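What follows is a short report on a single structure.
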Amino acid sequence: MPLASDARFVPCKAFTDQKMGTAGLRKKVRVLAQPHYLEMFLQAVFESLRLPKGATLVVGGDGRFHNDVAVQVILRMAMAAGVRHVIAGRGGLLSTPAASCLIRERRADGGFLLTASHNPGGPDGDFGIKFNTASGGQAPAQLTDAIYSASCRLIGYRICDTAPFDLQRIGTSDRDGFTIEVVDPVAAYEQTMQQLFDFDLLRNWLRNGHRIAFEAMHGVTGPYAQRILVDSLGASAGDIWHADPRPDFGGLHPDPNPVDAHALVDLCTAADAPDLAAASDGDGDRNMILAHRFLLSPGDSIAMILANADCVPGFRNGISGVARSMPTSRALDAVAAALGISCYETPTGWRYFCNLLESGRIDLCGEESFGTGSSHAREKDGLWAVLCWMSVLAKRNESLPAIATAHWRRYGRHYYQRHDYEIDDAAAGEAVVAGLRDRVPAMPGTRCGGAQIAQADDFHYRDPVDGSESARQGIRVIIDGGRRIVYRLSGTGTTGATLRVYLEQHEMRPERLNDDPDRVLAPLGTLARETADIERVTGLGAPSTRI
Ligand code: VG1
Ligand code: CO
């Protein structure tokens, strides 16, 4: 039986650049595909995990270039590490939320998710790998730290030599005591969705002449959308765009935002726009929601889902509490306050929601980066968010813009934008944040754009469940009168630095609720640039993208 004792030991020098960022290890394909690189990372994971004897793992990815090769390496190393049973999505495919659900449902000891999410794919694109624990959520900071230090002191890895596994055929096969179970990537996920939503209601809504369009961007969600939206609910097949997963995403940048998914935005400007248009990213955890001449900001989306939770059967037992990442707009806080439930503020990255979800403190959470989710999984879930919105529209029988406008009349509108500065020189990005950090203590009480700074700090998070601390999670500057600027560096890029500047402005005046966010937030954007001295330090006089 080729368990640990029969594995071959391959000596290798340690790689010292395998530190995980906001969402796992993310690198250029040419870095991750170099000889021994993935193997050494996996060895560091296995050494840090202390898996129970005969463990079960889930494996799958978003189908990007190198997915197929990486899955086979994982299987051979899992064998060498004494893993007994691996559950893999057919063709090595699993969306991130489906993988999280599968780990939980099958009570696996964890899983490997192969994705660089919304980053471009193909041989010149990015690849990534995450380890999720038995709870279905991304490894917590203590574990990623342990994996990183293990990766720096390794002297080699253990792997079994065995023929490639056939992942195309559904079924279970045994090789020398190692069981590989190939599953339909959609089946278990669809069942979960059936428990959370009233499929008859959604079917009737479509049958009664409503229409949904879904942009899968050649990522992994195509098969999920086909099965759930088309086969089960009766949406028109022609309304699912780019539904076949491709290793290079067909040259698309699989990021569901108005810039990269502009074709969907264009569709929504037409007079015969669908009632709901949505897009997801490469690995299926993000969502963008649109309607006729209307883009729903992610911060508004989660606030409005909370306000309309009675339309979603999955929330039939109520919502205990909610959470948002720190840079996400405070629209959610306003609804939570009205409902008298707790609203937690966490650092960026889904893993920070996991303890809150696991302990039952929250049932709904989200991020400004087009991520929304609930306690059904420990990852954000793009298609779940789409089904939530279909449910709200069907139940209320109103249009998305009408629902949003009524919401803003009650709670005010949190105008929101993220400005990203792509900086070639990573050190210049660090310098902007370091400069701000130095100035933060003196900021409160000073004037900024005609108002006074009420609070300024570098966000420090203490997890209410296990007490763990996460320091330096982003600079927040809260200005009197409902404005806020947040600065942080991206932790998912693979070259240079991306400085993210998040702008928020709360508006209560009824006649100012339907303005153009670009126009409303332009002065705050300039103020943010000046306050952080961005142009002088980086040479950039304007953001590279405004989302
Ligand atoms: C970005 C987003 C963050 C999200 C992360 C992973 O991180 O800002 O909200 O959790 O991507 O998303 P950063 O560090 O680049 O700002 V994805 O869809 O990987 O899984
Ligand atoms: Co993603």
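Read the numbers this way: they start at 1 and go in the same order the structure lists the ligands and their atoms. Remember, predicted model here, so these are calculated numbers, not experimental data.
Once rounded to the nearest 0.5 Å, the distance linking CZ of F197 with CG of L383 reads 8.5 Å. Distance CD1/I129 to CZ/R26: 12.5 Å, rounded to 0.5 Å.
Near G491, the atoms of ligand 1 lying under 4.0 angstrom from a non-hydrogen atom of the residue are 13 (P), 14 (O), 15 (O). Which parts of ligand 1 touch D281 is read off a 4.0 Å heavy-atom cut-off, strictly below it: atoms 18 (O). Under a 4.0 Å criterion applied to the non-hydrogen atoms of A23, ligand 1 contributes the atoms 6 (C), 19 (O). Interface atoms of ligand 1 facing K380, defined by a heavy-atom separation under 4.0 Å, are 4 (C), 6 (C), 10 (O), 12 (O), 17 (V), 18 (O), 20 (O). Atoms of ligand 1 found under 4.0 Å from any heavy atom of E368 (numbered from 1 in listed order, with element): 8 (O). Remark: ligand 1 atoms within the under-4.0 Å shell around heavy atoms of R500 are 8 (O), 13 (P), 15 (O), 16 (O). Atoms of ligand 1 lying under 4.0 Å from at least one heavy atom of S369, given by number and element, are 2 (C), 3 (C), 4 (C), 8 (O), 9 (O).
For the pair N119 and T492, the tightest heavy-atom approach, listed with the atom from each and the gap, is ND2-O, 3.3 Å. Considering every non-hydrogen atom in both D381 and H376, the closest pair reads OD2-NE2, 2.8 Å.
Checked against the 6.0 Å centroid threshold, Y224 and Y189 count as a close aromatic pair.
Considering both main-chain and side-chain atoms, K130 never comes within under 3.5 Å of ligand 1 through any nitrogen or oxygen pair. At least one N/O-N/O distance between T492 and ligand 1 falls below 3.5 Å. An N or O contact shorter than 3.5 Å links R488 to ligand 1 by distance. Of the polar atoms of G493, none of the N or O atoms is found under 3.5 Å from an N or O of ligand 1, judged by distance alone.
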Practice task
Start with the C-alpha gap between E367 and T328, add the side-chain angles, then the distance that decides, and say whether side chain to side chain donor-acceptor pair (under 3.5 Å) holds.
Solution key: CA-CA 6 Å; E367 295 192 290; T328 302; 6.0 Å; no
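Remark: among candidates R26, E367, R351, Q138, the nearest residue to atom 19 (O) of ligand 1 is R26, based on non-hydrogen atoms.
Protein heavy atom nearest atom 11 (O) of ligand 1, with residue, atom name and distance: R286 NH2, 3.0 Å. Annotation: atom 17 (V) of ligand 1 to nearest protein heavy atom, S117 OG, 2.6 Å.
Within a 6.0 Å radius of CG in D424, other residues, nucleotides and ligands contribute 12 heavy atoms or fewer.
When rounded to 10 degrees, the angle formed at the Co ion (ligand 2) by OD1 (D285) and OD2 (D281) equals 90°.
The pair E368-R500 does not meet the salt-bridge criterion, since no charged nitrogen lies less than 4.0 angstrom from a carboxylate oxygen. Using a cut-off of 4.0 Å between Lys/Arg side-chain N and Asp/Glu carboxylate O, D420 and R546 are scored as not salt-bridged.
Residue contact annotation: S117 places an N/O/S atom under 2.8 Å from the Co ion (ligand 2).
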